[in-house]
Amino acid sequence: MEEFQGVTSLPAGVQVFAWIATVAAGKMRFTTPGLFVLGALIIFTMGGLTGVMVAMVPFDWQAHDSYFIVAHLHYVLIGGMVFPLFAAIYYWLPMSSSRPLSERLGKWVFWLMFSGMHLTFLPMHLTGLMGMPRRVYTYLPDRGWEIPNMISTVGAFLFGAAVLLWIVDMVRNFRPFGKDAGNVYGGPGLEWLPTGLYSVRSIPVVKSLYPLWDQKNLARDVEAGRYFLPNTATGERETIVTSTLNAEPQYLQRMPAPSGWHVWGAVFTAAFFLLLTVQAYLPSVVCGVLAVYCLMHWCWLLDRPRIQPTVDVGAGIELPTYVSGPSSHGWWAMLITLIVAGMVGALLGFSYVFLWSRQPESWAPPPDLPLLLPVVAAYAGAGLLAWASCWTLRLDRPRTPAVATLLMLAAVGLVGAGLAMDLDHWLATGLRPEVNAQGATVYALIGWQGFFVAVSGLMGLYALLRWLAGHVEAARPSTFDLIGLFLGFTAAQGAASVLLTRLFPGAGM
């Protein structure tokens with residue numbers, strides 16, 4: 001399993017050649033996980049070959065919506081997901097069970113599943129080319145489909161027998177309590193280091209891609225505490241954040257304490273969206289409010305007071321216990337999130353321009369040009385106030401927490417005002433989202449901006465609550481840095497959207 005890690009981000013064709021080269025150059029172990037990985041490679045490659053066939057338009061005319069497509073899809077999905085999943089289960093389950101799964105039964109599971117897979121779906125290529133359509137549960141007689149369909153049925157039962165045998169194996173051997181079974185297959189990865197309830201006893205220095213193979217005493221030295229952070233430096237849960245390229249220690253990250261708030265936040269978020277699908281609006285709103293409350297409560301535990309400026313993490317290395325701005329991982333996480341959001345906004349803007357190019361005569365004039373100025377001014381003011389709030393907080397004077405909070409709330413108010421004015425101006429023109437492509441895209445952009453304004457409002461409420469609780473201080477600016485970054489993006493996105501829809505293609509066109 002470890003041999004195949006690190007190539008999953010490559011294109012599919014390159015992945016296949018990388019896997020083949022790994023198998024050819026390495027020393028393959030034909031254990032149950034190894035068999036499932038090889039089976040995945042074979043099945044996925046076969047599915048990819050039929051994918052090349054259906055990519056040819058003349059062939060796809062004949063094979064489209066036939067059993068040939070069913071076979072192709074299942075070869076790709078089972079080879080690309082199901083077999084790797086079973087390989088991962090057999091390989092990593094000893095990490096969470098006191099007993100590993102049976103190697104003997106595992107090989108039976110593999111061979112039944114591998115043969116059942118081919119018996120089920122390989123004949124479907126033939127029945128598809130013989131004209132059998134997909135999405136049917138029965139078929140007319142005397143079409144010549146009886147024998148291949150019977151073979152497929154036998155294969156399906158074999159596949160089902162393999163899954164049933166795996167379930168029996170899980171019932172017999174999966175014991176999620178007590179000491180874990182350990183590194184049954186002799187893997188070289190750091191996940192097999194001895195751990196307690198939370199993490200390793202000490203953070204090791206790794207010198208190769210296969211540390212447990214190349215550093216024979218690594219596990220023993222880690223458990224003995226001979227590396228970094230052998231004991232907690234702050235008395236809390238913590239880890240070391242390192243540089244991206246050379247893994248040089250940068251600062252000590254204090255980890256969140258055990259909590260269920262983020263789990264409940266995820267549960268209520270899922271319930272919010274699922275209840276909307278059945279039009280249960282009131283329970284959905286309740287779940288949405290509870291989700292926001294849970295997430296805010298969890299975030300409350302993240303930006304905590306400093307215990308000491310620096311700590312010794314081992315080997316005489318002193319690291320800060322708190323960083324903010326571009327030095328922190330939270331800042332970069334927010335930046336990457338906003339880059340993705342900006343790509344979505346850019347796609348919406350492209351849709352607006354593209355749809356105009358298809359039918360420019362149906363485009364109605366935008367709101368009057370003088371109305372553009374207060375909207376852009378509101379967004380520009382919001383960006384400036386968000387920046388001023390972060391700058392003011394770092395002055396570290398007696399009233400800076402209150403002033404910084406008020407400036408941030410004013411920035412939230414201005415992005416809300418900019419959105420409200422933009423919406424009001426378009427409504428005054430009589431344009432509606434259901435009228436034409438212009439209305440659809442204009443209101444899609446407004447709706448997308450509305451989402452960010454709503455999140456900005458929640459962030460403003462969070463900043464206010466932090467100030468009221470006395471948690472806003474110059475020594476802990478991360479919360480305001482992230483809120484300011486988000487507000488700055490929201491303001492820039494709103495201004496760009498307004499300028500696009502008001503100035504292009506122009507009031508006279």
Undergrad: Would you call the rings of Trp448 and Phe452 parallel, tilted or perpendicular, where under 30° means parallel and over 60° means perpendicular?
TA: perpendicular
Undergrad: Is there a donor-acceptor pair under 3.5 Å between the side chain of Glu238 and the backbone N or O of Ala233?
TA: yes
Undergrad: Sub-3.5 Å donor-acceptor pair from the side chain of Thr310 to the main-chain atoms of Pro320, do we have one?
TA: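 No.
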Undergrad: Check for a donor-acceptor pair, side chain of Gln253 on one end and backbone N or O of Tyr251 on the other, with a separation under 3.5 Å.
TA: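 It does not hold such a pair.
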Undergrad: In the structure I gave you, are the side-chain heavy atoms of Tyr90 and Trp166 within less than 4.5 Å of one another anywhere?
TA: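 In short, these two side chains touch, coming nearer than 4.5 Å.
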Undergrad: Could you measure the distance from the CD atom of Gln493 to the OH atom of Tyr379? Nearest 0.5 Å is fine.
TA: 8.5 Å
Undergrad: So do Leu503 and Leu369 actually touch side chain to side chain, heavy atoms under 4.5 Å?
TA: yes
Undergrad: Would the distance check show the side chain of Ser389 and the main-chain N or O of Ala386 forming a donor-acceptor pair, the cut-off being under 3.5 Å?
TA: no
Undergrad: Quick one: do the Asp303 and Thr479 side chains pair a donor with an acceptor below 3.5 Å?
TA: yes
Undergrad: Before we go on, tell me: are the rings of Trp145 and Tyr67 under 6.0 Å apart, centre to centre?
TA: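 Distance test on ring centres: not under 6.0 Å, no.
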Undergrad: Between Val289 and Tyr293, is there a side-chain heavy-atom distance shorter than 4.5 Å?
TA: no
Undergrad: What closest approach, in Å, do Met421 and Arg502 show between heavy atoms, and which atom pair accounts for it?
TA: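 Shortest heavy-atom contact: O-NH2, 4.5 Å.
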Undergrad: Give, for atom CG of Asp424 and atom CG of Leu371, the distance between the pair rounded to the nearest 0.5 Å.
TA: 9.0 Å
Undergrad: Taking all non-hydrogen atoms of both residues into account, name the closest pair between Tyr352 and Thr501 and its distance.
TA: OH-O, 3.5 Å
Undergrad: To the nearest 0.5 Å, what is the distance between CG (Leu41) and CZ (Phe36)?
TA: 15.0 Å
Undergrad: Measure from the side-chain N and O atoms of Tyr443 to the backbone N and O of Leu431, and report whether any donor-acceptor pair falls under 3.5 Å.
TA: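 Here the side-chain-to-backbone pair exists.
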Undergrad: In sequence, state the C-alpha distance, the side-chain angles, and the governing distance for His471 and Arg476, and then conclude on side chain to side chain contact (heavy atoms under 4.5 Å, CB included).
TA: CA-CA 8 Å; His471 292 311; Arg476 291 187 287 160; 3.4 Å; yes
Undergrad: Search all heavy atoms of Ser456 against all heavy atoms of Thr490 and return the closest pair with its distance.
TA: OG-OG1, 3.6 Å
Undergrad: So, the side chain of Glu473 versus the backbone of Pro401: is there a donor-acceptor pair under 3.5 Å, distance only?
TA: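 Between the backbone of Pro401 and the side chain of Glu473 there is no qualifying donor-acceptor contact (under 3.5 Å).
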Undergrad: Kindly indicate, with the supporting measurements, whether the criterion side chain to side chain contact (heavy atoms under 4.5 Å, CB included) is fulfilled by Met132 and Phe68.
TA: CA-CA 9 Å; Met132 183 166 180; Phe68 190 95; over 6 Å; no
Undergrad: For the CG atom of Leu445 and the CG atom of Asp422, what is their distance to the nearest 0.5 Å?
TA: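 Result: 9.0 Å between the selected atoms.
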Undergrad: Between His74 and Val70 (side chain of the first, backbone of the second, donor and acceptor by atom type, cut-off under 3.5 Å), is there such a pair?
TA: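 Yes.
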Undergrad: With distance as the sole test, does Thr153 use its side chain to make a donor-acceptor pair with the main-chain N or O of Asn149 at under 3.5 Å?
TA: yes
Undergrad: By the definition side chain to side chain contact (heavy atoms under 4.5 Å, CB included), identify the one residue from Leu190, Thr239, Val313, Thr242 that meets it with Ile203.
TA: Thr239
Undergrad: Rounded to the nearest 0.5 Å, what separation is found between the CD atom of Gln250 and the OG atom of Ser328?
TA: 12.0 Å
Undergrad: Locate the shortest heavy-atom distance separating Ile69 from Arg134; write the atom from each residue and the value.
TA: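 Heavy-atom minimum between the residues: CG2-NH1, 3.6 Å.
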Undergrad: Contact between Leu276 and Ser284 at the side-chain level, heavy atoms closer than 4.5 Å - yes or no?
TA: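 SC-SC contact between Leu276 and Ser284 confirmed.
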Undergrad: Would you say the side-chain atoms of Arg432 pair up with the backbone N or O of Leu427, donor to acceptor, closer than 3.5 Å?
TA: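 Indeed, once roles are kept as given, a pair shorter than 3.5 Å links the two residues.
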Undergrad: Closest heavy-atom contact between Glu236 and Thr232?
TA: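 Looks like O-OG1, 2.9 Å.
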Undergrad: Check the pair Phe504, Trp363 against ring pair (Phe, Tyr, Trp, His ring centres under 6.0 Å), reporting the backbone distance first and the verdict last.
TA: CA-CA 10 Å; Phe504 182 90; Trp363 238 241; 8.7 Å; no
Undergrad: Under the 3.5 angstrom rule, does the side chain of His125 hit a backbone N or O of Leu122 as a donor-acceptor pair?
TA: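 The answer is yes, because a donor-acceptor pair under 3.5 Å joins these two groups.
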Undergrad: Atom CG in Leu414, atom CG in Leu419: separation rounded to 0.5 Å?
TA: 12.5 Å
Undergrad: Using distance alone, with no hydrogens and no angle criterion, decide if Ser478 and Tyr322 have a side-chain donor and acceptor under 3.5 Å apart.
TA: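 Note: Ser478 and Tyr322 side chains meet the donor-acceptor criterion.
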Undergrad: Using a 6.0 Å cut-off, check whether atom OH of Tyr139 has over 12 heavy atoms from anything other than its own residue.
TA: yes
Undergrad: Can you tell me how the ring of Trp300 sits relative to the ring of Tyr462, calling it parallel under 30°, perpendicular over 60° and tilted otherwise?
TA: perpendicular
Undergrad: Check the surroundings of atom CE in Met81: do more than 12 heavy atoms from other residues, nucleotides or ligands lie under 6.0 Å from it?
TA: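 Count not over threshold, so no.
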Undergrad: Please step through ring pair (Phe, Tyr, Trp, His ring centres under 6.0 Å) for the pair Phe159 and Phe121, ending with a clear verdict.
TA: CA-CA 11 Å; Phe159 200 100; Phe121 297 105; 7.6 Å; no
Undergrad: Using side-chain heavy atoms (C-beta onward) and a distance below 4.5 Å, is Thr405 in contact with Arg466?
TA: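 The answer is no; the side chains never approach within 4.5 Å.
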Undergrad: Do Leu129 and Ser66 have side-chain heavy atoms sitting under 4.5 Å apart?
TA: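 SC-SC contact between Leu129 and Ser66 ruled out.
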Undergrad: Is Leu372 close to His425 at the side-chain level, that is, under 4.5 Å between some pair of heavy atoms?
TA: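 Sidechains of Leu372 and His425: no contact.
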Undergrad: Assess whether atom CH2 of Trp391 is packed by more than 12 heavy atoms of other residues, nucleotides or ligands within 6.0 Å.
TA: no
Undergrad: Would you name the heavy atoms of Met408 and Cys390 that are closest together and state the gap between them?
TA: CE-SG, 4.2 Å
Undergrad: With a 4.5 Å limit on heavy-atom distance, are the side chains of Leu290 and Phe272 in contact?
TA: no
Undergrad: Evaluate the criterion side chain to side chain contact (heavy atoms under 4.5 Å, CB included) for residue pair Met296 and Leu458; output intermediate values, then yes/no.
TA: CA-CA 9 Å; Met296 281 193 174; Leu458 293 175; 4.1 Å; yes
Undergrad: Walk me through it: do Leu500 and Val353 pass the test side chain to side chain contact (heavy atoms under 4.5 Å, CB included)?
TA: CA-CA 9 Å; Leu500 174 65; Val353 176; 4.0 Å; yes
